[in-house]
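Working notes, beginning with the structure itself.
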There are 2 protein chains.
Amino acid sequence: MTTLAGRASSPTLDEVAELAGVSRATVSRVVNGSPKVRPEARRAVEAAVAELRYVPNRMARSLVTRRTDTIALVLSESDTQVFSDPFFARVVRELSAALADTEMNLVLLAARGEREQEKVGRYVRQGHVDGVILMSLHSQDTLPRILAEAQVPLVLSGRPLDGHPVCYVDADNAGGARAATAHLLVAGRRRVATVTGPRDMIGGIDRYAGYRTALRDAGVAEDPALVAEGDFTEAGGAAAMTALLERAPDLDAVFVASDPMEVGALRVLRASGRSVPGDVAVVGFDDAPVAATSDPPLTTVAQPLGEMTSLMTELLLRQVEGDDEVRVRVCPTRLVVRESA
Amino acid sequence: MTTLAGRASSPTLDEVAELAGVSRATVSRVVNGSPKVRPEARRAVEAAVAELRYVPNRMARSLVTRRTDTIALVLSESDTQVFSDPFFARVVRELSAALADTEMNLVLLAARGEREQEKVGRYVRQGHVDGVILMSLHSQDTLPRILAEAQVPLVLSGRPLDGHPVCYVDADNAGGARAATAHLLVAGRRRVATVTGPRDMIGGIDRYAGYRTALRDAGVAEDPALVAEGDFTEAGGAAAMTALLERAPDLDAVFVASDPMEVGALRVLRASGRSVPGDVAVVGFDDAPVAATSDPPLTTVAQPLGEMTSLMTELLLRQVEGDDEVRVRVCPTRLVVRESA
DNA sequence: TCCGGTCGTGAGAGCGCTTTCACGGCGACA
DNA sequence: TGTCGCCGTGAAAGCGCTCTCACGACCGGA
């Protein structure tokens, strides 16, 4: 080394202790807010901390406390999907809010594909985080297994596909879908189609099940021609709607399993010369922001996302605190009637 | 504790060493790929590692190496904005790709508002990451200062607003905007308006400057009525376009400083009964995925995002390795001519 | 006056790892 | 056969912190 520039190594507990004229232990107590410190000593330490701009080294602290005070939100989804669906945006926002006045930090990890998921698994096993919230699971995902093996506190968003006992928070997807479909049927629609979510995701499966239940309740026979699978994206919704129109041009209503898909479906519907809700009534799912501003404003099923994320946070933090109980929460959904149906 | 359940504490180096019949040091060498280990010993260690499912404790390692092998992408933007602009999606994807075959991990930190930015600052100062890439800066942001003071390796995406010497990678925003505007002028348009980006972001400023340069080059006088500020969102673009149409109904072209805004502008234009590009020619910026699929396909300015993110990664990793040189890279932009202009 | 009990404090062990240093064994060379 | 140097290895120090434990000072009650 020719120059001594480099990064100034940050001050340590010992340096603060020396400056304050107390022992390391006392500084540690002050930093961690222990009450058993004389006000006088406390002031001395605080002054020293301020003067040296001391910040505790987390690695050292974590090494002994076994805590990192950070939790990971891992999205088993491609970046593209994560960033295009406003659903994730809301979840992240609510999650940050829920953690805002905690000392917990939130990191985002998007991992689609086995290779990335292994990397995430390694990251977690190495002890970077105290717990993880796992979203957007597909049936072939290895993540739940990897994380379960890592024995790290875990909360799923959405019921696990394999029924494995694990903490999760879910919306009443089936109930919401059933209500949405029933709403269509009650209005007198008889050729009620559906654009489902992916069949490998619990949300897709449950919403489809709800649709079927509503039909059965109303004594309406199912027609395979009225079912098309989407992938929760706008483009996927458009494609599914196109297929639907081709197979069943006489459909008079559609239950679309997510709002982004509904936007795509609406576009296709309009392009085909059909009016909404005149010719075809449409109900979506999620109550995304776009639903209210769309033309026409969309009737949709709202999930209590705020409540769900704070429940997830709560369940996770409980586990972090050592609670090993497997807890499950299912939140009610609510039909928001606007003008598309 | 009534039960002994709890989380099984993961195996340590010593346990592996004991099982393999070697010393801790040798295990460490094997784990870290040191060549100075007899093949025989190496095999014994590898077997022990596999048997115990040993994973090194990162906190312990980081404590001595002073490295965490993770870098943060911090977005000085609200979650909503981050998740709605496909620009960020691409950056994240490219960044993950660039780091895929490194042992580096990427964490995302979105922080808008002073409180959150302080939290991020603390996170970084505590030593959670080896470096940070900072994006989407607004002029009032405290983040650059906080991070500079933390003395952590830092690369900005976009030229810093205050001209402070710091590593950054930027696109030639002014050049791109100038080319876009010139394209409009060359086509014979004379009332060329612009929807700018936010005036507190370098991208917004530079693209506006490029627009003005093109006008000046062509000897066309500027008209304040032809300038409206947007916020890089679709809604913002729509609002700005509405204002523009009101103030200057005779405009015959618009340079819109981002593709999401362009989508909004297009909608307003069409709603006003104008055809694109017939009545009004439109050029955007970013070459977002939507640009190619939009109707009509959008003429836009493409930035070499892949190149830019790998440059950012490269500059950052260099700093992490100890290189203190302040390096700057500016990447050329390219006009992609489609049908909107 | 003496004893038991607080209370604030400091010494020190130890978290799991990397890395320096010293040492023993061995082949090469004279 | 003796010496040098190299190579693989282990002992041990130490990264910055927390936390137990012991200790001295001090106070109130017997």
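The sequence lines fix the lettering, A, B, ..., with proteins before strands; numbering per chain opens at 1. As a basis for the values below, the full set of heavy atoms in this structure was taken, side chains included, without hydrogen atoms, waters or symmetry mates.
Computed from coordinates, the B:R66 CZ to D:dC15 P distance equals 9 Å when rounded to whole Å. For B:D14 and D:dG10, the CG to P distance is 13 Å, given to the nearest whole Å. Atom CZ in B:R61 sits roughly 8 Å away from atom C1' in C:dC17 (whole-Å rounding). For the pair B:L13 CG and D:dA12 P, the interatomic distance rounds to 17 Å; values are reported in whole Å. Between A:E18 atom CD and D:dG16 atom C1' there is a gap of 16 Å when expressed in whole angstrom units.
Nearest nucleotide to the B:A25 side chain, out of D:dA12, D:dC17, C:dC17: D:dA12. With D:dA12, D:dT18, D:dT9 as the choices, the nucleotide that has an atom nearest any side-chain atom of B:A41 turns out to be D:dT9. Candidate nucleotides C:dT9, C:dC17, D:dG16 were compared by shortest atom distance to the side chain of A:N57, and D:dG16 ranks first. The nucleotide whose nearest atom lies closest to any side-chain atom of A:V37 is, among D:dG10, C:dC17, C:dT9, C:dT9. In the set D:dG16, C:dT9, C:dG10, the nucleotide with an atom closest to the side chain of A:V64 is D:dG16.
Using a cutoff of 4.0 Å between basic side-chain nitrogens and carboxylate oxygens, A:R145 and A:D141 are not scored as salt-bridged. Salt-bridge formation is not detected for the pair A:E118/A:R122: no Lys NZ or Arg NE/NH1/NH2 atom is positioned less than 4.0 Å from an Asp or Glu carboxylate oxygen.
In terms of phosphate contacts, A:S23 brings no side-chain nitrogen or oxygen within less than 4.0 Å of OP1 or OP2 of C:dT9. Contact between the side-chain N/O atoms of B:R24 and the OP1/OP2 oxygens of D:dT9 is not found at any separation under 4.0 Å. Residue B:R38 has a polar side-chain atom (N or O) positioned under 4.0 Å from OP1 or OP2 of D:dT9. In this model, the phosphate group of C:dT18 is approached by a side-chain N or O of B:N32 to a distance below 4.0 Å at OP1 or OP2. Listed pair B:S28 / C:dT18 meets the phosphate criterion, a side-chain N or O lying under 4.0 Å from OP1 or OP2. Between A:T12 and the phosphate of D:dG16, there is no side-chain N or O to OP1/OP2 separation shorter than 4.0 Å.
Judged purely by distance below 3.5 Å, without hydrogens or angles, the side chains of A:N32 and A:R61 pair a donor atom with an acceptor atom. For the residue pair B:D324 / B:Q319, no side-chain donor-acceptor distance below 3.5 Å is found, with atom types taken as modelled.
Nucleotides of DNA chain D nearest to B:R29 and A:A60 differ in position, and the one nearer the 5' end is that of B:R29.
At its two ends the helix from C:dT1-D:dA30 to C:dA30-D:dT1 runs along axes set 50° apart, each axis drawn from five pairs and the angle rounded to 10°.
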Should A:I146 and A:E149 be marked as a side-chain contact (heavy atoms from CB on, under 4.5 Å) after you check the CA-CA gap, both sets of side-chain angles, and the distance that decides it?
CA-CA 5 Å; A:I146 293 178; A:E149 279 176 10; 5.9 Å; no
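Across B:V152, B:L316, B:V129, a single residue satisfies side-chain contact (heavy atoms from CB on, under 4.5 Å) together with B:I71, and that is B:L316.
The heavy-atom pair separating A:S76 from A:H138 by the smallest distance is O-CD2, 3.6 Å.
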